[in-house]
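Per chain, numbering begins at 1; letters A, B, ... match sequence-line order. FYI, side chains are in, hydrogens and waters are out, and symmetry mates aren't considered; it's all heavy atoms of this structure.
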Amino acid sequence: MAATKRHWLIKQEPDTFSWDDFVKAGEAQWDGVRNYQARNNLRAMRKGDLAFYYHSGTGREIVGVAEVLREAYPDPTATGGDWSCVDFKPVKALKRPVSLTEIKADKRLENLLLVRHSRLSVMPMEAAEFEMILKLAASRL
DNA sequence: GCCAACGTTGGC
DNA sequence: GCCAACGTTGGC
């Protein structure tokens with residue numbers, strides 16, 4: 001019946017909009033994406049899908065889990081072109097952040113687009129990879 | 001349609 | 001602050 005949930009990772013510079021800002025806001029319109037691959041990923045998201053919230057630049061770590069609140073709709077901040085945005089709400093912060101260094105050190109996560117394609121800001125990931133990172137976050141460093 | 005130049009992102 | 005990776009643009 002219900003389609004299998006897909007898993008994602010979204011990046012944000014904490015200096016621009018941190019996880020704490022996100023939690024304070026209660027939800028966020030994920031606009032401003034101007035890359036086709038990232039846009040297509042946004043469009044493939046379904047309500048209820050989960051996404052890791054990653055701090056790029058300062059931090060470079062996964063800090064929390066977000067959920068798709070509203071599926072892709074036209075990005076109101078776009079002045080031209082065919083762009084989309086998605087609304088997310090925070091679900092929970094990870095028990096402890098999982099850093100890029102830690103992810104890179106883990107052979108089982110070597111196929112993550114976060115590692116292979118570092119410039120992509122919205123990316124899919126496997127359910128197994130998602131679970132693995134949740135497990136890392138629940139463990140001691 | 002190719003490719004050089006340029007801009008942007010993000011890790012280090 | 002630097003640089004690699006990558007996307008986009010524009011000349012030919």
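- Note: the hydrophobic cluster containing A/L113 does not contain A/Y36 (ILVMFWY, side chain heavy atoms under 4.5 Å, direct or indirect links).
- Within the 4.0 Å cut-off from OP1 or OP2 of B/dG11, at least one side-chain nitrogen or oxygen of A/Y54 is found.
- A straight line from CG of A/L114 to P of B/dG10 spans 10 Å, rounded to a whole angstrom.
- Rounding to whole angstrom units, CD of residue A/Q37 and P of B/dT9 are separated by 15 Å.
- Comparing B/dG11, C/dG7, C/dT8 by their closest approach to the side chain of A/R60 singles out B/dG11.
- Nucleotide C/dT8 holds its P atom 10 Å from the CZ atom of A/R39, rounded to whole Å.
- Cluster annotation: A/L100 is connected to A/M132 through the hydrophobic network of ILVMFWY side chains, with a link wherever side-chain heavy atoms come within less than 4.5 Å.
- Following rounding to the nearest Å, A/H117 (NE2) and C/dA5 (C1') show an atom-to-atom distance of 8 Å.
- Going from atom CZ of A/R119 over to atom P of B/dT8 covers 11 Å, rounded to whole Å.
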task = With side-chain contact (heavy atoms from CB on, under 4.5 Å) as the test, would you mind laying out the steps for A/V122 and A/M45 before giving the verdict?
result = CA-CA 10 Å; A/V122 180; A/M45 291 181 183; 3.5 Å; yes
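- The shortest side-chain heavy-atom distance between A/V98 and A/L134 does not fall under the 4.5 Å cut-off.
- Residue A/K11 places at least one side-chain N or O under 4.0 Å from the OP1 or OP2 atom of B/dG10.
- When rounded to the nearest whole Å, the span between CD of A/Q12 and C1' of B/dT9 equals 13 Å.
- B/dT9 atom C1' lies 12 Å from atom CE of A/M123, rounded to whole Å.
- The distance from atom CG of A/L9 to atom P of B/dG10 is 11 Å, rounded to the nearest whole Å.
- Minimum atom distance to the side chain of A/L100 is reached by B/dC12, of the listed B/dC12, B/dG10, C/dT8.
- When the nucleotides B/dT8, C/dG7, B/dG11 are ranked by their closest atom to the side chain of A/S56, B/dG11 comes out on top.
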